[in-house]
There are 2 protein chains.
Amino acid sequence: MQKANPEKYTRQRQAAIRAAAAVFAEKGFHGACTKDIAERMGIKQGSLYYYFDSKEEALGEVCLFGIRDYVEHMDGIASSGQSFEAKLTATVTSHLSSYRERNEALKVYNDERLYLPEARRRRLKKLGSRYRQQLENIFDDAKKSGTVRDTIDSRFAAQAVIGMCNAWGDLIVRDPDLDLFKVIQNCTDLLINGFTDTKNTESQRN
Amino acid sequence: MQKANPEKYTRQRQAAIRAAAAVFAEKGFHGACTKDIAERMGIKQGSLYYYFDSKEEALGEVCLFGIRDYVEHMDGIASSGQSFEAKLTATVTSHLSSYRERNEALKVYNDERLYLPEARRRRLKKLGSRYRQQLENIFDDAKKSGTVRDTIDSRFAAQAVIGMCNAWGDLIVRDPDLDLFKVIQNCTDLLINGFTDTKNTESQRN
DNA sequence: CTATTTTTCTATAGTTCTATAGAATATCTC
DNA sequence: GAGATATTCTATAGAACTATAGAAAAATAG
């Protein structure tokens, strides 16, 4: 029962995480059973426990897989010294692209992470907070430099970006023909200028 | 096993729906068991089946309870003949107020409705679509009258409003001290003017 | 107070699911 | 190809949960 590290193990474990992501996304953590996951991998239910100690461990790995990349991506954006608009666009791009690439894991992170055992949930929460904090910082900076209005509350603004990305991420997932680039553009435009503003419309277009 | 209609029955059934809402919100549909719901009502597990034929029926009632009011509210807003800004504010107010009043049922609707049996899910979906359609119409009208920019896609805009309300609804639920009125104001202001616009800031304030 | 109806209880059949143990097969190393 | 290691399989113990049946208790009506 010991695990060495021939690459097959890590490859199969990754496959297990993806299978779990798909199944959890469809049926929810409690609605899914380990048999579903195993079947999707082409192995038997019991064999799954070669890769995970428990169903909850699988959930933890899926959640981590869902956000690790885009949290790390945010580190780069926050420290990039770009303009506010550029940072916002980069954030939205990164977030929405994740929905194309790993929408299942992301959905699981959003909907099921609260079923994780305490310890693991705390670790994940740290990642989420880092992301949110960096996003808030971007707004604080932009307010200082006058790019963003004083009346905007950074905490709400960050939440607005995240909420918008999640909502439009849903659209992307449901409609795979949707042009990602166009969605990103619409999203940032809307966030920056709102529904009614007209001053930048021309330069924003195209 | 027949049910007449002494008011006690309807009263208790409503209590059962609220209990189910709380439990489903906390543990998810599959994670919750009928015992949890019954206990919260102060009755035994088996007795719950006097009010529901199945766990799924309970879920259906909770979901309906979660959105019926604010969908109906939207009917009034859509046909009110108010200005775009007023309609948007009313929409946001209605949606966010729901989070204060029945956040549990709303959360259940958002997260668990897909576990409903087909027939019931379709009926609920109709309600959701009506809401969304009316919101889109508000944007179409506002675009025609020039209040909202041409470049805004009504479908995305509607999704943006819903997404924003859901995201900020989370904040409201997590932080009960938050001033609802202030949140509503911030939300509509942000949607209408965006992060950077300054032209209306003064009139928007207060 | 008695008869009737409504509500709740107890007990359980039948199902499903997680996690483990130990055997069997596949893969690797020399 | 023999021996060691890694991976998968079968089978199942043990726990939990839904839904039902029928008895008991509570409420209501005449």
Side-chain angles (χ1 to χ4, degrees), chain A residues 1-63 108 112 115-117 119-120, chain B residues 1-63 108 112 115-117 119-120:
Chain A
M1 278 293 162
Q2 329 166 31
K3 294 158 191 169
N5 201 342
E7 67 272 13
K8 183 177 180 190
Y9 177 76
T10 30
R11 192 164 14 92
Q12 275 288 73
R13 192 165 197 270
Q14 194 58 30
I17 293 173
R18 286 181 181 275
V23 174
F24 288 155
E26 189 191 334
K27 305 193 173 183
F29 175 64
H30 290 110
C33 61
T34 51
K35 189 165 177 253
D36 296 332
I37 301 172
E39 257 168 19
R40 177 172 270 260
M41 288 179 68
I43 63 177
K44 300 286 172 171
Q45 185 264 340
S47 308
L48 198 64
Y49 285 77
Y50 185 64
Y51 297 102
F52 302 114
D53 287 342
S54 69
K55 197 182 166 190
E56 280 170 347
E57 187 190 335
L59 176 61
E61 293 300 313
V62 170
C63 289
V108 173
E112 316 289 336
Y115 304 130
L116 285 170
R120 203 174 259 269
Chain B
M1 280 294 161
Q2 329 167 33
K3 292 158 195 172
N5 202 342
E7 67 271 14
K8 183 175 181 193
Y9 177 76
T10 29
R11 193 163 15 94
Q12 275 287 74
R13 190 164 197 272
Q14 194 59 29
I17 293 172
R18 285 181 183 274
V23 174
F24 288 155
E26 189 191 333
K27 305 193 174 185
F29 176 65
H30 290 110
C33 61
T34 52
K35 190 166 175 251
D36 296 331
I37 301 172
E39 257 167 20
R40 178 172 269 262
M41 289 177 67
I43 63 177
K44 301 285 173 174
Q45 185 263 339
S47 308
L48 199 63
Y49 285 78
Y50 184 64
Y51 297 102
F52 302 115
D53 288 342
S54 68
K55 197 180 165 191
E56 280 169 348
E57 186 190 336
L59 177 61
E61 294 299 313
V62 171
C63 289
V108 173
E112 315 289 335
Y115 304 130
L116 285 171
R120 204 174 256 269

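Every chain is numbered from 1, with letters handed out A, B, ... down the list of sequences.
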Between the protein and nucleotides 9-15 of chain C, list every N/O to N/O distance that falls short of 3.5 Å.
unit_1	atom_1	unit_2	atom_2	d
dC9(C)	OP2	Lys44(B)	N	2.7
dC9(C)	OP2	Ser47(B)	OG	3.0

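Judged purely by atom type and a 3.5 angstrom limit, Lys27(B) has no side-chain atom pairing as donor or acceptor with the backbone of Cys33(B). Here the side chain of Tyr115(A) pairs no donor or acceptor atom with the backbone of Leu59(A) at under 3.5 angstrom.
Nucleic acid contact class of Ala32(B) (heavy atoms, under 4.0 Å, all strands): sugar-phosphate only.
The distance from atom NE2 of His30(A) to atom P of dC17(C) is 13 Å, rounded to the nearest whole Å. Rounded to whole angstrom, the span from the CD atom of Gln12(A) across to the P atom of dA26(C) amounts to 15 Å. Rounded to an integer number of Å, the gap from Phe24(A) CZ to dC17(C) P is 13 Å. Remark: P of dA16(D) and NZ of Lys35(B) are 10 Å apart, rounded to the nearest angstrom. Between Asp53(B) atom CG and dT18(D) atom P there is a gap of 15 Å when expressed in whole angstrom units. Distance Leu59(A) CG to dC17(C) P: 17 Å, rounded to the nearest Å. Straight-line distance from the CZ atom of Arg13(B) to the P atom of dT7(C): 12 Å, rounded to whole Å. Counting to the nearest Å, the C1' atom of dA27(D) and the OH atom of Tyr9(B) are 17 Å from each other.
Look at Tyr50(A) and you won't find any side-chain N or O under 4.0 angstrom from OP1 or OP2 of dT8(D). One finds a side-chain N or O of Tyr51(A) lying less than 4.0 angstrom from the OP1 or OP2 phosphate oxygen of dT8(D).
Using a cutoff of 4.0 Å between basic side-chain nitrogens and carboxylate oxygens, Arg120(B) and Glu56(B) are not scored as salt-bridged. Salt-bridge formation is detected for the pair Glu57(B)/Arg13(B): a Lys NZ or Arg NE/NH1/NH2 atom is positioned less than 4.0 Å from an Asp or Glu carboxylate oxygen.
Ring pair Tyr9(B)/Tyr51(B) is parallel by interplanar angle, where below 30° counts as parallel and above 60° as perpendicular.
Evaluation of the side chain to side chain donor-acceptor pair (under 3.5 Å) rule for Arg40(A) yields no partner, not counting sequence neighbours.
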Could you check Tyr50(B) against Gln12(B) for side chain to side chain contact (heavy atoms under 4.5 Å, CB included), going step by step and ending with a plain yes or no?
CA-CA 10 Å; Tyr50(B) 184 64; Gln12(B) 275 287 74; over 6 Å; no

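Of all nucleotides listed (dT18(D), dT7(D), dT6(C)), dT18(D) comes nearest to the side chain of Tyr49(B).
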